[in-house]
Amino acid sequence: MAGLFSRLRDLLGRPLWTFNPDELAADFRGNPNDYIEQVRAVIDAHGFDIQIFLVAASGFLTDSYNLFASNVILPCLTFVYWNECGHTKEIWINIATLLGSAVGQLLFGYLADRYGRKSLYGVELWIVIFSTLLIAQTSAGYGVPNSGETSMSLYGMLLAWRFFMGVGIGAEYPLSACITAEWASTRERGRMMCAVFLMQPMGQLLAWSVGLVALEVLSHSHDFSTDSPDAKVGIDKLWRWVIGMGAIPAALAILFRITIPESGRYTYDVKKDGPRALHDTIGVFQPASGRSSHHRLPEMDVEMQGYSEQRLSINGDAQSVAPNSVHRSIHPPVNGEWQQVDLDSANGDDNFMPQQILNEPADHSEAVAPPDVGNAAERASQHSAPFVPYADDPPSPRQRAIDDPPGLRTPRQAQEFPDALSDDSSADLNQLQDRRMSMPKNQFEQPLLLEYFWEEGNWRYLAGTSITWFLLDFAFFGLGFNSPTTMAKLWTSGPMPACGDVPAYLFISTVGAGGNIYQVLYSNARQSLLTTSIASCVGSIALILAINHIDRRVTLIWTFVALAILLLITGIVFLQVFHTSGYAATIVLYAFSQLVFSFGPNTLTFILPAEIFPTRYRCTCHGIAAASGKLGAVMVQFVFLGYQDRELQQPNSRALGKVIIIFAAFMVLGAVFAWAWIPAVQTKSEDPRDLLQNIDLETLALGEERLPKEQKIGFRNRTRGFMSKGVRQTVRWRGRERGGAEDRVSM
């Protein structure tokens, strides 16, 4: 089986890896930080990468489809199996799915950081595939006619398999986010992650579309105008078709997953294998010019100032490289002998050290020399993919440790770069690399956790991302996860059928007492597509276009505020126009709220946790934040169960308007916590095309200690900064006023 997957990966990867990455991995002996800088330089030399997008987006589309398919299938189950109206089975199935998602986010987030992203690539999708097939084959067993007694519990099996599916759905959140963040270029990171999250509303739209197509196809062979056994057979087929279709995109997503290696950032930061990190990163990105296996990526020189080192020559002797003139590149010159690491020997060896140097000249018989261009701009013009000159990149963590005053260095900088803290800049880089490579690989040891989260104050990052996601999902899933019930109350201009007066499937339905199951399913799909899915897609697309031009933290704050205002107005309007001809006003406000959800908090709470945490804790922290959101989603389901003796489930109750107003208060809290505990991930850009530029992941990984005093997070620091800013503005305004008065006197 392993050999089959290996051959399949080689076959799928051939169009993407059109050269031998081993030829491009030169020996970077000395400062271990060179590897991560070169990894970042290779990634940043590319723009929006379609391969990485497909790898992450395919899995996220699959999970979104399966998560929101419940809105399509639950009315079908009611029609076929559950004849009593006002039951709570639908809500409990949703709770099981959400609880499974929270478990998957926590478990797979930790496992991805502990054992690597690659070791889990596709595992969560196999869970989704198996659970999908199990749900599609769920049966009530044999039943005694007219008794209601069956040999198996379909409801119990659905609870179990939806929980199991939820584990796979939840696991996809940290994996998709971190795959995208770690493989995306610094400039396109926000846009790529936003494009991946577009798959959530797209998956919801796809689920409703598949339901409509299946309904139309089956209506030609089954009569859905009555409650006959033939209609029940057809609807039983329909919900199984909708669920079973979820396995197809999951299988395609697995094929995409096996085409990429381990994240280079993870390999370097956690596995401490710099050569392998550089080798794998180069292997993912195809050279933009030509298809020959001997083409090289653009040569990217690194200039390290004031940093002497020892390098091994071909014959094994140590050679000194003069300080202030240390240059390295991804590949050495094509003329003459060059050093090359035997990276094949590193496969599967976490303790591999770049000490095995090939003592023979490289074969350059077919090599193509890199173009002789005089500067970075001309060099970039030789390649169709954008090339970001290394000199234009933000300074590396090590360079910041050298440039910053001692009081601004973090303890980790002082440990990793001791020469930057002393007058003697001739530290033995080989010993420095050996010490880094010998650091413990279990980043979850208690002293390391305490250092990062408590001593350095980064627990606020985790609290901020978790609380804002919790507050968001409390409202978002409260409005959207019981979509047929919500849509029926929004789209009605008069009283709906009461419990006991109509069959169970017509309870809380806009089609009326004389309707049939075809009309119920068609109206549910049409109303949800127009009100929720399309509006959400528009919001996500708008954010993709704008994300490089707006501040993500500021956008998160103000979209929370906008949602608070919108939901407050929506709730009030709903209470006023419920069961009247003015119900269209509520529909418009609700759709606009869904658009703002996608343009703001729903997307940004997914993006930010993948940006602000270091590689060694990125998936874990993203999983904790996402699981906090699902906890909010579970809690709001219990609200629906218990609110004033299930008044929300009554078809002619106005309670939904009151709950929407309560959701507005949660959005206000979201804005407050985003303001206090979410850091900025962008700075002012020198590129006229963008107002802002993304901060690289390595800089963000340094945590709160990298921030100047006026940018520290926390309620006290934010309040102090806000007040001091107000004082400065007042002084500036009074100065202008005084200056104007003096000018008038002089005139």
Side-chain angles (χ1 to χ4, degrees), residues 98 102 105 173 177 190 193-194 197 200-201 459-481 532 535-536 539-540 542-543 547 550-572 589-590 592-613 621-637 639 658-682 713-719 722:
L98 294 170
Q105 287 159 347
Y173 276 73
M193 295 190 70
C194 189
F197 196 79
Q200 186 187 79
W459 64 270
R460 295 183 186 89
Y461 283 12
L462 184 58
T465 54
S466 299
I467 292 174
T468 52
W469 208 331
F470 171 89
L471 295 169
L472 162 75
D473 276 3
F474 188 88
F476 181 78
F477 279 87
L479 292 173
F481 209 45
T532 303
S536 297
S540 292
L543 185 59
I547 197 165
I550 58 177
D551 188 301
R552 289 199 270 284
R553 174 180 172 271
V554 173
T555 302
L556 177 63
I557 296 170
W558 284 108
T559 49
F560 264 127
V561 173
L563 281 170
I565 297 172
L566 270 172
L567 293 178
L568 177 62
I569 296 174
T570 303
I572 294 174
L589 288 170
Y590 184 92
F592 193 59
S593 298
Q594 294 298 316
L595 187 152
V596 178
F597 269 121
S598 290
F599 186 81
N602 198 31
T603 304
L604 295 177
T605 52
F606 172 82
I607 294 175
L608 288 168
E611 294 185 295
I612 64 177
F613 294 105
C621 292
H622 195 284
I624 292 173
S628 300
K630 291 301 175 288
L631 177 62
V634 169
M635 289 184 63
V636 78
Q637 301 303 310
V639 169
K658 301 175 185 178
V659 171
I660 293 175
I661 294 174
I662 295 174
F663 290 160
F666 276 73
M667 298 300 96
V668 173
L669 291 175
V672 171
F673 281 101
W675 170 75
W677 282 351
I678 297 295
V681 296
Q682 295 153 289
I713 67 171
F715 284 97
R716 181 180 302 175
N717 292 326
R718 294 294 193 195
T719 302
F722 179 78

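Since the structure is predicted, the reported quantities are computational estimates derived from the model, not experimental observations.
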Taking the side chain as every heavy atom from C-beta outward, state whether [X] and [Y] have any pair of such atoms under 4.5 Å apart.
X    : Y    : value
F560 : T468 : yes
I607 : V681 : no
C621 : T465 : no
W469 : F476 : no

### Query
Backbone N or O of A625 within a donor-acceptor pair of the Y173 side chain at under 3.5 Å?
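No: the side chain of Y173 does not pair with the backbone of A625.
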### Query
So, S598 side chain and S536 main chain: donor-acceptor pair closer than 3.5 Å or not?
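Side chain of S598 to backbone of S536: a pair is present.
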### Query
In chain order, what residues pass the side-chain hydrogen bond (donor to acceptor under 3.5 Å, both in side chains) check against Q682, with sequence neighbours excluded?
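So Q682 forms no side-chain hydrogen bond (donor to acceptor under 3.5 Å, both in side chains) with any residue.
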Of all residues at least two apart in sequence or in a different chain, which pass the ring-ring contact (aromatic ring centres under 6.0 Å, His included) check with [X]?
X    : answer
F599 : none
F663 : F474
F606 : F60, F197, H622

#### Entry: Listed partners of L566 passing side chain to side chain contact (heavy atoms under 4.5 Å, CB included), at least two apart
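If we apply the side chain to side chain contact (heavy atoms under 4.5 Å, CB included) test to L566, skipping adjacent residues, the hits are L589, F592, S593, V596.
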### Query
Can you name the side chain to side chain contact (heavy atoms under 4.5 Å, CB included) partners of R553, sequence neighbours left out?
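For R553 the side chain to side chain contact (heavy atoms under 4.5 Å, CB included) partners, ignoring immediate neighbours, are D551, I557, W675, I678, R718.
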